[in-house]
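What you see is a predicted model; the values in this text were computed from it and never measured. Every chain is numbered from 1, with letters handed out A, B, ... down the list of sequences.
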Amino acid sequence: MDELKIYNSYSRQKEVFKPITPGHVGMYVCGTTVSGESHLGHARPYITFDVIYRYLMHLGYKVRYVRNITDAGHFEEEGREAEDKISKKAVLEKLEPMELVTKYTNLFHWAMEQFNTLKPSIEPTATGHIVEQIEMIKKIIDAGYAYEVNGSVYFDVKKYAASHDYGKLSGRVLEDLLETTRELDGQEEKRNTADFALWKNASPEHIMRWQSPWGVGFPGWHIECSAMATKYLGAQFDIHGGGMDLLFPHHESEVAQSTICNHSAPVRYWIHNNMITIDGRKMGKSYNNVIKLSELFTGDHPMLAKAYHPMVIRFFILQTHYRSTLDFSNDALQAAEKGLKRLWEAYEKLRAISYKPQDGSVDKELEANCLKLVAEFDEFMNDDFGTARVLANMFELVPFINSMKDNIIPVSAISKETFELLQKQMKVYVEDILGLKSVTEANNEKLKGVMNLLIEIRKEAKDKKDFATSDKIRNQLQQMGILLKDEKDGGMSWTAF
RNA sequence: GGUCCUUUGGCCGAGUGGUUAGGCUCAGCUCUGCAAAAGCUGCUACAGCGGUUCGAAUCCGCUAGGGACCUCCA
């Protein structure tokens, strides 16, 4: 049970992970379209794949993690009005397209930092890889799988499907797609409705435009990922990730394009995270039910009962398996908030405990249980990244840790080796793999000094049974968001939140 | 309409052919000057109906609800 198993969307089953090059992993994750502010739904893939990235590194792999920024416009509704999201928004906000894209890229980076996600190894932009995309399209045309019409280039899906396994990834049958009776304007250029654009001719009012062999235009959406993944990870790479909603047509198209271009299926393991829902419904712009990340952090949204710390969101997401839908609610988020606080405080206590070998002999049952719970961290992660189960085990350890701290259970109830393993693995998992960090913000020295002073005064008051003063200190601090707690050993601790 | 997925206790959510998930909430107790925190205890669920099985919440079928994709989407 020490092999990593990953659920591969392509085969629809869990497979043992074997990288193409031993010791190295190439991972591509579909990034964000920076035509607007990121919302809660966007947080899921980036946190999910951040943990996968961290875990792969923890296993000793050298990982190249590529996550793109989609800053070139693609169709809002293919065929309808060649409408470019970014151009449109730029006009709306009276910004230069690149200005707009930079603004939202910065906001995205800011949010990712709040979530404590590690930066990808390479973060390529679509606009920075127009040349690569054009080259790729040329190759596809040369191979006979794309055709040009009026300055636009389309991929010939029907031809591809005749000799390739089109639709396998998304479970789609071409015949069904061809039968679509849906009425869409501007489809007449295509030979078949299932064909998708590789390059699109730009109308005069279209602001984002580039010169190409087929005239002035802009790239289709799917080609950017194929081009950038190929450039930085090679014709074949290990992992490609993204949201489930990208399975079709985006990822299916990627497979087709890359297969023609590079003569082999591009990806070994496809990983897809499920959606975050709100009232049982996918969160998305078209549903008009999004909560932006900035709103989540400030609480400034009619649906939010309060502000939620980025770490609470991260914890919330990790508490469920990445392939399940996750339903948003204030209750669920507040439960996560309390849970995280409890876990983190226990974790900090554990770090502060030093092992003292003493009289009481080792409690075999406790020792065994402790070892089992810790050993299962690895087991659960190896089983398709079971972060939820890892956290559940940690919570089972929390009462034990708290009891050690309060001396209800002597530290020597477990062996020194086990205690050290517990300390080490908690650190590795809580911080390095799950990427959690302290929710409390007040870590500056001046505050610490002031708090020490207040604690001293309060202790003196308590010794004199001057409870009016001691309560005043505690209550007023609480109003300021600082929680004072009397410890069992007579000391006092505090947390700011 | 087509394809696929899902339905777990007050809420959120793991998981699985036979054993306590876990978190939050709630109630009681211990500790405490009082709190808070912490510890202990209690609340025991798997949509419905059939079937397979010694045994199913877990496998199969049907029914009902919910959802995703089929168009931009994390």
### Message
Can a donor-acceptor pair be found, under 3.5 Å and without considering hydrogens, that links the side chain of A:Asp363 to the backbone of A:Ala413?
### Response
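Between the backbone of A:Ala413 and the side chain of A:Asp363 there is no qualifying donor-acceptor contact (under 3.5 Å).
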### Task
Please check if the side chain of A:Asn68 supplies one atom and the backbone of A:Gly31 the other of a donor-acceptor pair under 3.5 Å.
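Such a contact is found between A:Asn68 side chain and A:Gly31 backbone.
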Taking ring-ring contact (aromatic ring centres under 6.0 Å, His included) as the definition, give me every residue that meets it alongside [X], ordered by chain and number, with sequence neighbours left out.
| X | answer |
| --- | --- |
| A:Phe49 | none |
| A:Tyr65 | A:Tyr53 |
| A:Phe395 | none |
| A:Tyr104 | none |

Determine the contact category for [X]: base if any of its heavy atoms lies under 4.0 Å from a base atom, sugar-phosphate if only primed atoms, P, OP1 or OP2 are that close, otherwise nothing.
| X | value |
| --- | --- |
| A:Met244 | nothing |
| A:Lys462 | base |
| A:His39 | base |
| A:Asp406 | sugar-phosphate |
| A:Ile276 | base |
| A:Ser493 | nothing |
| A:Phe467 | base |
| A:Leu247 | nothing |

#### Entry: Ion pair A:Lys459/A:Asp463, N-O distance below 4.0 Å
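Answer for the salt bridge query: no.
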#### Entry: Salt-bridge criterion met for A:Lys485 and A:Glu345 (N-O under 4.0 Å)
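Salt bridge between A:Lys485 and A:Glu345, a charged N being under 4.0 Å from a carboxylate O: yes.
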[N] phosphate, OP1 or OP2: any side-chain N/O from [X] under 4.0 angstrom?
| X | N | value |
| --- | --- | --- |
| A:Ser403 | B:A38 | no |
| A:Arg281 | B:A68 | yes |
| A:Asn402 | B:G39 | yes |
| A:Thr320 | B:A14 | yes |

## Note on the structure
Secondary structure of RNA chain B per the Watson-Crick/G-U criterion (both distances under 3.5 Å; [ ] crossing, | other strand, . unpaired) is (((((((..(((.....[...))).(((((.......)))))....(((((..]....))))))))))))....
Looking only at atom [atom1], what distance separates [N] and [M], rounded to whole Å?
| N | M | atom1 | answer |
| --- | --- | --- | --- |
| B:G17 | B:C46 | C1' | 14 Å |
| B:A47 | B:G9 | C1' | 14 Å |
| B:A35 | B:U20 | C1' | 32 Å |

[X]: partners by side-chain contact (heavy atoms from CB on, under 4.5 Å), with sequence neighbours left out:
| X | value |
| --- | --- |
| A:Asn8 | A:Tyr10, A:Ser11, A:Glu15, A:Tyr269, A:Trp270 |
| A:Ser226 | A:Met136, A:Glu254, A:Gln257, A:Ser258 |
| A:Lys372 | A:Glu376 |

Provide, to the nearest angstrom, the distance between the [atom1] atom belonging to [X] and the [atom2] atom belonging to [N].
| X | N | atom1 | atom2 | result |
| --- | --- | --- | --- | --- |
| A:Lys200 | B:C72 | NZ | C1' | 14 Å |
| A:Met394 | B:G13 | CE | P | 20 Å |
| A:Arg458 | B:A35 | CZ | P | 13 Å |

### Query
What parts of residues 282-295 of chain A reach RNA chain B, counting only heavy atoms under 4.0 Å away?
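Hits under 4.0 Å, by residue number: A:Lys282, A:Met283, A:Lys285, A:Ser286, A:Tyr287.
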### Query
So, A:Tyr46 and B:A74: ring centres less than 5.5 Å apart, planes less than 30° off, yes or no?
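Aromatic stack with B:A74 absent for A:Tyr46.
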### Query
For residues 312-337 of chain A, which residue pairs qualify under ring-ring contact (aromatic ring centres under 6.0 Å, His included), counting only residues two or more places apart or in two chains?
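Counting only pairs at least two positions apart or across chains, no ring-ring contact (aromatic ring centres under 6.0 Å, His included) contact touches residues 312-337 of chain A.
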### Task
Locate the shortest heavy-atom distance separating A:Lys282 from A:Met275; write the atom from each residue and the value.
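Between these two residues, the closest heavy atoms are CE-SD, 3.9 Å.
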### Considering all heavy atoms, the nearest A:Cys30-A:His240 contact
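Heavy atoms only, the tightest pair is SG-NE2, 3.5 Å.
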N/O donor-acceptor pair, side chain [X] with base [N], under 3.5 angstrom:
| X | N | answer |
| --- | --- | --- |
| A:Asp486 | B:A35 | yes |
| A:Asp327 | B:G13 | no |
| A:Asp245 | B:C72 | no |

### Query
Of A:Thr32 and A:Lys349, whose nearest nucleotide on RNA chain B comes first from the 5' end?
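That would be A:Lys349.
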### Nearest-nucleotide 5' precedence on RNA chain B, A:His42 against A:Phe328
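Comparing both residues, the 5'-ward one is A:Phe328.
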### Query
In terms of side-chain heavy atoms of A:Lys485, which of B:G13, B:A74, B:A37 is nearest?
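Between B:G13, B:A74, B:A37, the one nearest the side chain of A:Lys485 would be B:A37.
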Tabulated below should be each protein N or O lying under 3.5 Å from an N or O of nucleotides 2-6 of chain B; please produce it.
from : atom 1 : to       : atom 2 : distance (Å)
B:G2 : O2'    : A:Asp176 : OD2    : 3.3
B:U3 : O2'    : A:Gly171 : O      : 3.1

### Task
Only one of A:Phe297, A:Tyr46, A:Phe108 passes ring-ring contact (aromatic ring centres under 6.0 Å, His included) with A:Phe115; say which it is.
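With A:Phe115 as partner, A:Phe297, A:Tyr46, A:Phe108 yield a single ring-ring contact (aromatic ring centres under 6.0 Å, His included), made by A:Phe297.
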Distances under 3.5 Å only, N/O to N/O: pair up the protein atoms with those of nucleotides 22-30 of chain B.
from  : atom 1 : to       : atom 2 : distance (Å)
B:U25 : OP1    : A:Lys338 : NZ     : 2.7

### Task
Kindly indicate, with the supporting measurements, whether the criterion side-chain hydrogen bond (donor to acceptor under 3.5 Å, both in side chains) is fulfilled by A:Thr277 and A:Asp327.
CA-CA 5 Å; A:Thr277 58; A:Asp327 200 49; 2.6 Å; yes
